[in-house]
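Following: one structure in structure tokens, then a few remarks.
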Amino acid sequence: MIINHPLLGPRDAAEFVYLGDASLMNRPEWKGEDASEEQTEKTLDAYHDYLYIRENKAGEHKELWYHEQGDRSWLVVTRHTISHEITKVELARDVAVANGNKS
Amino acid sequence: MSSLAPTTAPAPLRALTALDDFSEDMYGVNVVEVTNKGIVSVAIPNASKAAFSKAVTKSYKVDLPEVGLFTQSKTNNTRFLGLQQDQLFVLFDYAGDRAVDEISAKVNSDKQLVYLSDQSDSWVTLNVSGENCLAALERICSIDIHPDSFPVGSVARTSMEHMATIIIHESEGSYLLLSLRSFAHSFLHAVTTSIKNVS
Amino acid sequence: MSQVNRLNSASKSTSINREKMFSFKFNGQTFQGYEGDTLASALLANGQILVGRSFKYHRPRGIFTAGSEEPNALIHLRTGAHQEPNARATVAELFNGLVATSQNHRGPLKYDLMAINDLMSPFLSAGFYYKTFMWPKVLWEKLYEPVIRHAAGLGELSKLDDPDIYDKGFLHCDILIIGAGPSGLSAALAAGQAGSRVILADEDFQMGGRLNSETYEVAGMAGSEWVSNTIDALAAMDNVRLMKRTTVIGAFDHGIYSAVERKTDHLLQSDGKPRQVLWKIYSKHAILSAGSTERPIAFPNNDRPGVMLAAAVRSYANRWEVTPGQAVSIFTNNDDGWRTATDLAAKGVKIAAVVDSRSIAPLAEFPGAHIEMGTEVVNTSGRHGLQTITLSNGKIIDTDCLAVSGGWNPNVHLSCHHRGIPQWNKELLAFVPGGELPPEMYVSGAANGDLSLASAIKSGHDIANKLSKALGHKGRVKACAKAENESTANSDFWFVKTDTKNRSWVDLQNDVTTKDIVLAQQEGFNSVEHVKRYTTLGMATDQGKTSNLPAMAVMADNAGKTIPEIGTTIFRPPYTPVSMSTFAGRSRGKDFRPTRLTPSHQYAEKQGAVFVEVGAWMRSQWLPKTGETHWRESVDREVTQTRNSVGMCDVSTLGKIDIQGKDAGEFLNRIYCNTFATLKVGMVRYGLMLREDGIAMDDGTTARLTETQFVMTTTTANAVSVFRHMEFCRQCLWPDLDVHLISATEQYAQYSVAGPNARKLLEKVVDKEFDISNEGFPFMACGEISVCGGTPARLFRISFSGELAYEIAVPTRYGVSMMEALMEAGSEFDSVVYGTEALGVMRIEKGHAAGNELNGQTTAHNLGMGRMVSKKKDSIGNMLSERPNMVKDDANRLVGFFPVDKSNNLNAGMHFMTTGKEANTANDEGWMTSVAFSPSLGHSIGIGYIKNGHERTGETVTAFNGLQDNTMEVEIVSAHFIDPKGERLRV
Amino acid sequence: MRYSALKVIKEALTGHKGWDPVWRSPEPKKHYDVIIVGGGGHGLATAHYLANQYGITNVAVLEKGWIGGGNVGRNTTIIRSNYLLPENEPFYEYSMKLWENLEQDTNYNSMVSQRGILNLYHSDGQRDAFVRRGNGMIMAGAGADLLDQDAVREMYPFLDFDNARFPIKGGLLQKRGGTVRHDAVAWGYARGADSKGVDIIQNCEVTGFDIKDGICTGVKTTKGNIGANKVAVCVAGSSSRVMAQAGMNLPIESHVLQAFVTEGLKPVIDGVVTFGAGHFYVSQSDKGGLVFGGDLDGYNSYAQRGNLPVVEDVCEGGIAIMPAIGRAKLLRMWGGIMDMSMDGSPFIDRTHVKGLYFNGGWCYGGFKATPASGMCYAHLLATDTPHEVAKGFKLDRFRSGGMIDEKGVGAQPNLH
Ligand SMILES: Cc1cc2nc3c(=O)[nH]c(=O)nc-3n(C[C@H](O)[C@H](O)[C@H](O)COP(=O)(O)OP(=O)(O)OC[C@H]3O[C@@H](n4cnc5c(N)ncnc54)[C@H](O)[C@@H]3O)c2cc1C
Ligand SMILES: NC(=O)c1ccc[n+]([C@@H]2O[C@H](COP(=O)([O-])OP(=O)(O)OC[C@H]3O[C@@H](n4cnc5c(N)ncnc54)[C@H](O)[C@@H]3O)[C@@H](O)[C@H]2O)c1
Ligand SMILES: Cc1cc2nc3c(=O)[nH]c(=O)nc-3n(C[C@H](O)[C@H](O)[C@H](O)COP(=O)(O)O)c2cc1C
Ligand SMILES: [Zn+2]
């Protein structure tokens, strides 16, 4: 496969390391210090779904790839899981900022 | 080992190059270990980009490179390698132990603009050039380095034979290959094997 | 000895060089052939018709085709370690000194003892083994299966290491053209003239495709002349790369094709050069111009040597000037078959008969030949070579070669590698590329069903022209060459129906007959994929290139369906089989993976160190002294010397990550489960890193060098994955933090200096202006210093061994020199260099967790570090580590173990259970993770996980080791075997 | 119709006219007690055991294509019971015992062949892990032997012992491990189920579920709606696609795993051998092809085909330990869709929808599990309680922190 890196142009996917569904960028908020039991359970549910449950789509899939043998950037790649066609490649950092991800 | 306890201060440490200054002309390809270079990585916070760019232009009379390209200054034969969006490498003639100070003095005097890290000992550098050079590199380099696609002034970070590699098209038909220093022997072996295989 | 079948009249072929005679051996007998021959053409020239045996029935087999689709003529090529099994004689290029032997027979080829299987054939029908060999049960593994396995397979491996070398490479192009027949050549010409970057690959050693085998004219000259002119023109273009002997084997995602170039297979010796190169071709577009393959007609006893494909017979006559027989007959259902008769007759070969299934007027007459229209071949005779054919009209004709033509199949193979399904073309009576082609693949010429010469040339030209234009190349493209549009008339006739006992073969190699197909369907195997798997149809080395379609026709007929309703089986790479070595390339032996050497490698080598592979690294395992005969002697000495005085160890392999930025502290707070933001400049802290699921990921120390700079150490094994994880957190989770990472692993030679004399030793190398006294540089301090008169260094006061210890880091270039200086300075203290083994012993004596304990299954709770997980802040893994099963009270805990009988040696991997209980899964309470012989205690010690371990100190349990027959009683103790209060560290 | 020696001889002599279909091809009924979705190994085994062990015969197996066309028809056929964790090992050992009686059970020769599986180790750490594993195997009754280098050399003299980058130090051998003729497993179970009246319906794709008030009453298919008291999903790589029709997302990702076969060769490799310092495992089929594989491609895929980097990686691993197979030619490569679970271990469980059951998450290792999976699923369907050896395979185990992670790589399916 070839990933058309937004900064570097086409690179063999062998240069990248795959992580999985781009939803892994949507890390739930921590329960906070001194959370109630209920809040803890709710947060655990959210973390469970975040880490373990996947839509696992047969179709267009937004997914995370890391350019380990390249510029060390994380990318969000939109790729079809049946045809493998790639229709979009973005810098994950840009996506994260647009999402409002924050520490 | 001496059995006598030395009474004087220890002798200064001896520096070794990664490949013992390897240099050979093999089947039309010249392979030379490049030494006496300083390599400093520069991490550039978004907010500092403009100021840093100015500082570089001032001290080195060159612009910052785009990712995938390098710019070259006469000062210490310095190349700014555009490797990442927020990080570049400075590669320059230097034989000392304090490469960071060298760069810091020129472009980061207030120490706040950018973050520098010494990489001088992290890499082994080979210069390969000559007639069969491209044919040999074709065996290990997956990216398109045909001069039309990778003209002089290009730089790319990729991997060759499972080893992280930075490739620089420094001048017509002459390439610098940087790989991690601990891999030096395997890397040289990969390059020379390619040359032999295409001879 | 003479080439009895070589045609000598009117030699015209430029494909063979009669000036250059080669001699070669087949089954020990010496023959002659010419440069340009294949092994098959040379064997035929010498009248060697019998070349092998079939898979199941061991029926005699002759050469069937003239190309890579060959099902029959499989031989051992070369001898000894160079022996290649299942080489196809039809594509093996002849060279002087070639040696080949036939395969799959016991005794001489002609009198194969295994031919008895043929008599057993009523028992060996499709799927017979599923119904039998079950009684009695034990005999399957003891008798039946060994017999089956022994009989299986065709060729034989030498069982010696492949002596050749191989290579790989990468190519980039605008247009990859697959196949250099008339269509591919004209495509290359157009694309090349336009200015596209072109690669033209052909599997043959001579480009030109069918034109080398036909007598057609192109552009007013002989086809072969046009081919060589075109090749010359292409060779003169800088932007065109011609690759003959190069088979494109697979179409992968996003325009990546893989091709195998045979570099030295046509030479007696490879002279240290790669035998084959695996190319990975990155193309913007590809044009598949792979031509077509003739298909046979199934009829009774159609498998005899001498029965061949008609166009192959023509190829042998035209290209190699060989006739496979002295009285050749043709059996055809189409016009093209007649061309074989015409061409052979023109070369003076006697035509015995032309049998055409169609009731039409004969297309030609040949003196003395039977012309039988509307007639079929219903039987043959001749055990080791064809002697007669019997026709449906009762005639029996003497003939030693029957050229069969059932029409042509476009080579759709590569067009289906993305699982697209080819489509049935009613006019052509063949499958053509259709459905979903690999993106950016176009198909031209016969491969696309443009069977006739003129259309093949035109379609290649037009596609290449269009693609080049679209790419923006503006060179002037000349009009394409003119050629004739020969007849491609064909008919819907696939196999001869018969009710005799005689078998009609569809798969010649795997011995699948029309009866097997029918039986499969009778037993409910209706899908074509089921039939394939039940009968093994098309699963042989030729993948059914010539057999699948006739078999589908039988299925369709039997099921009352059409061929497209039956459908094809799926096409899979590679196009033709590829040596495993070729896919491995250079990665082999010591070069399987690159090797990393530590900064003190040269030093250790000089000391005679024993090295061990740790991931990619080579590390000193121990450094024996003369006279030491057992590794334990060396390791015990290294430990003892270190604990008694001082020892040095190269720890440069640990990952080092330089972390800088205003928010570096906050970042680390989130990466580690314990607190880091509060760490003071000049101090080091131990950190435990969790995965998001709350399991321990890695541990190590991190030093704060300045307000905005930290240096993290990771374990050797996790250096890369921890860095990746941190980049993920930085870029994807918390892009707002000002933090920057770069690996500094390679930058520093880092040595641990441990033992009561460590400081004294260091004081001798550290430059005087730096105070490293216990007060000035306490436990867990760090700082930037200089050594040996000004060399910059970093010093960390940390300890893995439990002794007063430091780690000192200098730029890698000084690695050897630094180690020498340390040893020089240490000589008065009897200092020692220790390896990973002693390192391991000392950390076990201290009860420190390492890889065996941090195996991805353990929590901080298991490690006894549960309280380190700060609940005052968010950090990776913080939340999910709270799940009930992960903080159970009776969870496994890391503790220490003594053998009750101290003379016993413990083993890692022992399982614990309450003494007296049976050793079974239900009673399993944990396992021993690491053990060592402790020279300090004088006996074996271990650490491991056991349920509730922290509350069971003093208890005796059974450590089960049935595997190594070393089960024993052990006592649960604290894992801190040495200096439990940690006093030595702080002195 | 039973297969017997007599029958075989009779048919051979009379032109094989008397063989019946191995399974019938009925039209679906309106309603079944149990509908099994997916005619792979597990689905067919479930049907077989439901009918033959639990006496539930009003059962249909619905298969969208042809039975055995999924992973059961494209795997590298290795069976073993050499698992590490106590939640897994008894299950796989139970499976092994069922394999050992399969031919007698189904009256079909699936060629269960226990020629041994040898896992090579190359470092002390790996040896330690194998000792832990081997002892666990012995405790579960599976048996294990630890071999040193000499013993490995005796079994496979042509491995690269002298020039290897990662020298072979020894191996863990399970003598009872081996291979089974994969297609015949599907056919044998189909035959066993069919003979008790189970309807095996091919070309029948399930396209939806009838779920009302949290109760599943049947399925929608390309052959119409079919009612059922219980619906048992068992579709391996398609798990997420099918369960999405019931509104459920799973702790599963679908990945491609490739496999390879060489041309037929005279016997070279007797048992199964796996490389411990690279991605390669191999056995030789009864037909003579070297059947081998390695790692997942690593990205989500439903394509049943893979890419070159893994092809190369696997062959590199092969030549690294066995340079003597270098001149064997790779004949065919293919892929399968792996239902990779979040901890590498499977699920056999009820769902929160009454009457809807799920079996999946088998990763690259569900072939060996086929008999036990079928038996345990049948047990669950028949009794609504989990089978003793499959208790850990629950869908909600991640919420409670009860992961069954053999490899210890965490919630990253492509690393399992
Ligand atoms: C290359 C490869 C190598 C492997 N090697 C091994 C090995 O050596 N050892 C081992 O133990 N395991 C191995 N495995 C894993 C093993 O093959 C699988 O885990 C196991 O076969 C899965 O169970 P199954 O047989 O029921 O799956 P499948 O055979 O995939 O059955 C699922 C069936 O469900 C059908 N289906 C899907 N959707 C629908 C629908 N909507 N309606 C109706 N039917 C549907 C599919 O068509 C398919 O037939 C390997 C797998 C692969 C791909
Ligand atoms: N009249 C008929 O009935 C009839 C039928 C079929 C073909 N033909 C003749 O066939 C020719 C068609 O021309 P064409 O150029 O389309 O086909 P071709 O058969 O002449 O050439 C195809 C070429 O592709 C090469 N090739 C195939 N697969 C390959 C692969 N995977 N990798 C590398 N090379 C590969 C072959 O070696 C061959 O040289 C014409 O000469 C035409 O007359 C005629
Ligand atoms: C154990 C095993 C052995 C195989 N042996 C052969 C073989 O000898 N010849 C062959 O063509 N294919 C062989 N195959 C591959 C199948 O032809 C087929 O590619 C595979 O089952 C996947 O199916 P598909 O390619 O139809 O998708 C084998 C497959 C397996 C699982
Ligand atoms: Zn891997």
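No experiment lies behind these values; they were computed from the predicted model shown.
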Need one label for C/A540: side chain, backbone, both or neither, based on atoms under 4.5 Å from any heavy atom in chain D. backbone
Under 4.5 Å, counting heavy-atom pairs only, tell me which of D/R115, D/R24, D/Q114, D/E406 racks up the most with chain C. D/R115
Less than 4.5 Å to any heavy atom of chain D: does that hold for the side chain of C/I256, its backbone, both, or neither? side chain
Non-neighbouring partners of C/D924 that pass salt bridge (Lys or Arg N to Asp or Glu O under 4.0 Å), sequence neighbours left out: none
Counting only heavy atoms closer than 4.5 Å, note whether D/I269 contacts chain C via side chain, backbone, both or neither. backbone
Would you say that more than 12 heavy atoms from the other residues, nucleotides or ligands in this model lie under 6.0 Å from the CD of D/Q104, or not? yes
Under 4.5 Å from any heavy atom of chain C - which part of D/V22: both
With a 4.5 angstrom heavy-atom cut-off, is it the side chain or the backbone of C/H417 that approaches chain D, or both, or neither? backbone
Evaluate whether atom CG of D/L13 has more than 12 neighbouring non-hydrogen atoms of other residues, nucleotides or ligands under 6.0 angstrom away. yes
For chain D, find which of C/Q103, C/K280, C/H150 contributes the most heavy-atom pairs closer than 4.5 angstrom. C/K280
Tell me the closest heavy-atom pair linking D/P86 and C/T921, and the distance in Å. CB-CG2, 3.7 Å
Contact origin within D/S113 toward chain C - heavy atom pairs under 4.5 Å: both
Nearest non-hydrogen partners of D/G289 and D/V261, listed with the distance: CA-CG2, 4.0 Å
Non-hydrogen atoms of chain D under 4.5 Å away: do they reach the side chain of C/N961, the backbone, both or neither? both
Nearest heavy-atom contact between D/D297 and D/N307 is OD2-N, 2.8 Å
Under a 4.5 Å heavy-atom cutoff, which of D/T262, D/L85, D/V268, D/D160 has the most pairs with chain C? D/V268
Among D/D145, D/V112, D/N203, which residue has the highest count of heavy-atom pairs closer than 4.5 Å to chain C? D/V112
For C/R572, which atoms come within 4.5 Å of any heavy atom of chain D: side chain, backbone, both, or neither? both
Minimum heavy-atom separation for C/L157 and D/A328, please, with both atom names. CD2-N, 3.7 Å
Note: vs chain C, highest number of non-hydrogen pairs under 4.5 angstrom among D/E312, D/M403, D/R305 is D/R305
Among side-chain atoms of D/T106 and D/R191, is any donor-acceptor pair under 3.5 angstrom? no
In terms of heavy-atom proximity below 4.5 Å to chain D, should C/T536 be classed as side chain, backbone, both, or neither? side chain
Winner by heavy-atom pair count (cut-off under 4.5 Å) against chain C, out of D/W23, D/W334, D/Y108, D/F130: D/Y108
As a quick check of understanding, evaluate side chain to side chain donor-acceptor pair (under 3.5 Å) for D/R327 and C/Q83, giving each step before the final call. CA-CA 8 Å; D/R327 292 175 105 86; C/Q83 175 168 313; over 6 Å; no
So which of C/R149, C/Q857, C/E145 has the biggest tally of heavy-atom pairs under 4.5 Å with chain D? C/R149
Is the centre of the D/Y3 ring less than 6.0 Å from the centre of the D/W19 ring? yes
Select one option (side chain, backbone, both, neither) describing which atoms of C/V931 are under 4.5 Å from chain D's heavy atoms. neither
Under a 4.5 Å cutoff for heavy-atom pairs, which residue among C/G250, C/P85, C/G585, C/A152 has the most contacts with chain D? C/A152
Looking only at heavy atoms, the pair that brings C/D516 and C/A126 closest together is OD1-N, 3.1 Å
Top contributor to chain D contacts, counting heavy-atom pairs under 4.5 Å, from C/T929, C/T858, C/N920, C/N526: C/N920
Chain C contact via D/K7 - side chain, backbone, both or neither, heavy atoms under 4.5 Å: neither
Please report the interatomic distance OG(C/S587) to CZ(D/R165), rounded to the nearest 0.5 Å. 11.5 Å
Find the one option among C/E156, C/M134, C/M928 whose heavy-atom pairs under 4.5 Å with chain D are most numerous. C/M134
For C/K56, is it the side chain, the backbone, both or neither that has a heavy atom under 4.5 Å from a heavy atom of chain D? neither
Interface moiety of C/E882 toward chain D, non-hydrogen atoms closer than 4.5 Å: neither
Heavy-atom distances under 4.5 Å only: say whether C/P136 touches chain D with side chain, backbone, both or neither. neither
Engaged part of C/Q621 at the chain D interface, taking heavy atoms whose separation is under 4.5 Å: side chain
Which of D/P157, D/P167, D/A129, D/G65 touches chain C most, by non-hydrogen pairs under 4.5 Å: D/P167
By a 4.5 Å heavy-atom criterion (distance strictly below it), what part of C/L880 contacts chain D: side chain, backbone, both, or neither? neither
Aromatic contact between C/F252 and C/Y257, with the criterion being ring centroids under 6.0 Å apart: yes or no? no
If you measure only the distance, is there a donor-acceptor pair under 3.5 Å linking the side chains of C/R275 and C/Y166? yes
Which atoms of D/A411 are under 4.5 Å from chain C, going by heavy atoms: the side chain, the backbone, both sets, or neither? backbone
How many angstroms lie between atom OG1 of C/T859 and atom CD1 of C/I695, to the nearest 0.5 angstrom? 6.0 Å
How about C/F583 and D/F260: are their ring centroids closer than 6.0 Å? no
Looking at C/E613, C/M886, C/H530, which has the largest count of heavy-atom pairs under 4.5 Å with chain D? C/H530
Taking side chain as everything from C-beta outward and backbone as N, CA, C, O, which of these in D/P267 sits under 4.5 Å from a heavy atom of chain C? Side chain, backbone, both or neither. both
What part of C/L154 is in contact with chain D, defined as an atom under 4.5 angstrom from a non-hydrogen atom: side chain, backbone, both or neither? both
Please work out whether the ring planes of C/F592 and D/F275 are parallel, tilted or perpendicular, with thresholds of 30° and 60°. tilted
Is it the side chain or the backbone of C/M618 that comes within 4.5 Å of chain D heavy atoms, both, or neither? side chain
Please classify the contact between D/I321 and chain C as side chain, backbone, both or neither, with a heavy-atom cut-off of under 4.5 Å. neither
Look at the rings of C/Y144 and C/F133 and say which category their plane angle falls in: under 30° parallel, 30 to 60° tilted, over 60° perpendicular. tilted
Sorted by chain and residue number, the side-chain contact (heavy atoms from CB on, under 4.5 Å) partners of D/D183 (sequence neighbours excluded) come out as C/R533, D/R181, D/W187
